[in-house]
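A short worksheet on the structure shown next.
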There are 2 protein chains.
Amino acid sequence: MVTRTDAPTRREQILKEAARLFAERGFHGVGVDEIGAAVGISGPGLYRHFPGKDAMLAELLVGISGRLLTGAKLRLAESGAAADPSAVLDSLIEGHIDFALDDRPLITLHDRELDRLRDSDRKLVRQLQRQYVELWVEVVRELYPALTEPAARSSVHSVFGLLNSTPHLARPGALPGRSVTAELLHRMARGAFAAAGAE
Amino acid sequence: MVTRTDAPTRREQILKEAARLFAERGFHGVGVDEIGAAVGISGPGLYRHFPGKDAMLAELLVGISGRLLTGAKLRLAESGAAADPSAVLDSLIEGHIDFALDDRPLITLHDRELDRLRDSDRKLVRQLQRQYVELWVEVVRELYPALTEPAARSSVHSVFGLLNSTPHLARPGALPGRSVTAELLHRMARGAFAAAGAE
DNA sequence: CCCTCAGGTTAACGACCGCTAACCTCCCTG
DNA sequence: CAGGGAGGTTAGCGGTCGTTAACCTGAGGG
């Protein structure tokens, strides 16, 4: 885990504000002037950093899908080959929760604005998402062999729905404390999987 | 349960197609001409049935929130006052799953396009949603007294996220059969609540 | 048999939006 | 110390979108 200490670049500021605005009002509901205003420049100035509005969304979605997948692969790798599937699942859940709690706008965009992408970008994002799901499915099936493959896939999608529900939980600060929320979500995810995997 | 046999009115056709299109491409991503075309009339003809595009979204969102709440109240009432909270929760879950599986576009809109409403409509929808959640929270707390009230509310929202994940599961027909999916979702929801309620 | 009106049509208006053009101004560097 | 590029600015173009206006048509009723 590397921690950034230098100031964010203008490009990063733009992406962050664009993510927030897209999540709040939808891709088509936000104008380039608004995005510009959010970072203190105005409208067309954005085109010095991005070729177009679509490109911002594309970079956001490809970025989050990639980071989710990379993070999961890392967690899988550092558990070693003969790892306890239960511990691996815990690690995957923990990683996903961190993402959902720390990057709420991105999590929202991720399953909401995918269809606004150019064909090639959409295919890329979908491919990354599919790999991420597949990785979970394998771990879940190892832990709950009774699950058929389609059932395991459905259960994984459903748990994503559960974990990604945080954006709807309340105004940003009104949760009962981050670690408490994280732990509750974690227990519920495990409980949901256990119920799915029961004969 | 009354079953409609007469043909849908033009107004109902419009609402149904608008719901589908809004869910697919977002409120701002759909033009009135498209909605018109989807029901075989064109563009401005819609204004014989609705005062504006906003009014269609408002009617959809108020409608679904109201039907969810009404259905839940009905299920609660017919269980009687001294009912087994476990059975009541099962009934609530079953009702919500029916909705999620039968009205996928509406479920999608319901937590996605709320902010596009006029202030008064948005307040109404939020009030209906809040009552619906509150109703679940009471049942859940009765069944799992160890849960604090904020924790119970969080768990209810999370389970909604789980149940509402069906739209993302696959192309419309590709699920392993409706009843199988419904039963899996039901078991997972119960498992999630049980895990949340465990000391 | 005419009148009305529900439910359409097409044309067009005004606003807005994404994007480009043209221009400006620092700051860095050879 | 010239010069050039990075990173802004404002003006404006072209297209799209929601909405309105004006007109049409066919069916039902007095």
Side-chain angles (χ1 to χ4, degrees), chain A residues 6-62 105 109 112-122, chain B residues 6-62 105 109 112-122:
Chain A
D6 50 338
T9 67
R10 176 51 48 99
R11 229 171 160 281
E12 290 167 331
Q13 288 180 46
I14 294 171
L15 284 176
K16 183 182 164 194
E17 294 302 311
R20 186 179 55 82
L21 289 167
F22 289 160
E24 278 175 13
R25 296 210 281 286
F27 180 67
H28 292 298
V30 181
V32 289
D33 289 356
E34 282 176 280
I35 304 175
V39 296
I41 71 182
S42 229
L46 296 170
Y47 288 78
R48 298 286 164 194
H49 304 274
F50 296 92
K53 191 185 164 193
D54 306 359
M56 303 179 203
L57 182 63
E59 185 156 333
L60 286 171
L61 294 189
V62 172
L109 287 183
R112 187 166 298 195
E113 306 286 353
L114 182 59
D115 297 324
R116 276 51 140 188
L117 255 47
R118 288 173 30 227
D119 263 32
S120 60
D121 290 324
R122 189 170 54 246
Chain B
D6 48 338
T9 67
R10 174 52 47 99
R11 227 170 162 281
E12 290 167 332
Q13 287 179 46
I14 294 170
L15 283 175
K16 183 180 164 194
E17 294 302 311
R20 185 179 54 81
L21 289 168
F22 289 160
E24 278 174 13
R25 296 210 281 287
F27 179 68
H28 292 298
V30 180
V32 289
D33 289 356
E34 281 176 280
I35 304 176
V39 296
I41 73 182
S42 230
L46 296 171
Y47 287 77
R48 300 287 164 193
H49 304 274
F50 296 91
K53 190 185 166 195
D54 306 359
M56 303 180 204
L57 181 64
E59 185 157 332
L60 286 171
L61 293 189
V62 172
L109 288 183
R112 186 165 301 194
E113 306 285 354
L114 181 59
D115 297 325
R116 277 50 145 188
L117 255 47
R118 289 174 27 228
D119 264 31
S120 60
D121 290 324
R122 187 171 57 245

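Nothing here was measured: the structure is a model prediction, and the numbers come from that model. Residue numbers begin at 1 in each chain, while the letters A, B, ... track the order of the sequences.
- Counting all heavy atoms, side chain and backbone alike, A:Asp121 lies closest to A:Ala58 at OD2-CB, 3.5 Å.
- Among the heavy atoms of the strands, none lies under 4.0 Å from B:Gly43.
- Residue A:Leu109 comes nearest to A:Ala23 through the heavy atom pair CD2-N, 3.7 Å, listed as atom of the first residue, atom of the second, then distance.
- Across all strands, B:Gly31 comes closer than 4.0 Å only to sugar-phosphate atoms, never to a base (heavy-atom distances).
- The closest donor-acceptor contact from the side chain of A:Glu59 to the backbone of A:Met56 lies at 3.5 Å or more, if one exists at all.
- Annotation: side chain of A:Arg116 is not in contact with side chain of A:Asp54 (no heavy-atom distance under 4.5 Å).
- Side-chain N/O atoms of B:Ser120 and B:Arg118 include a donor and acceptor closer than 3.5 Å.
- Across A:Lys53 and A:Phe22, no two heavy atoms sit closer than the pair CE-CE2, 4.1 Å.
- The span of DNA chain D lying next to chain B, judged by atoms under 4.0 Å from heavy atoms, is bounded 5' to 3' by D:dG18 to D:dC23.
- For the helix from C:dC1-D:dG30 to C:dG30-D:dC1, the rotation axes defined at the first and last 5 base pairs enclose an angle of 10°, given to the nearest 10°.
- Nearest heavy-atom pair, A:Leu21 versus A:Ala38, reported as atom, atom and distance to 0.1 Å: CD1-CB, 4.2 Å.
- Looking only at distances, no side-chain donor or acceptor of B:Glu17 sits under 3.5 Å from a matching main-chain atom of B:Val39.
- Backbone-only engagement by A:Val30 is indicated by non-hydrogen atom pairs under 4.0 Å involving sugar-phosphate atoms exclusively.
- Annotation for B:Leu46 and B:Val32: closest pair CD1-O, 3.4 Å, computed over non-hydrogen atoms.
- Remark on DNA chain D: of its neighbouring residues B:Arg48 and B:Lys53, the 5'-side contact belongs to B:Lys53, judged by nearest-heavy-atom nucleotide.
- Put simply, chain A comes within 4.0 Å of DNA chain C, heavy atom to any atom, from C:dG18 to C:dC23, going 5' to 3'.
- Using a cutoff of 4.0 Å between basic side-chain nitrogens and carboxylate oxygens, A:Glu24 and A:Arg20 are scored as salt-bridged.
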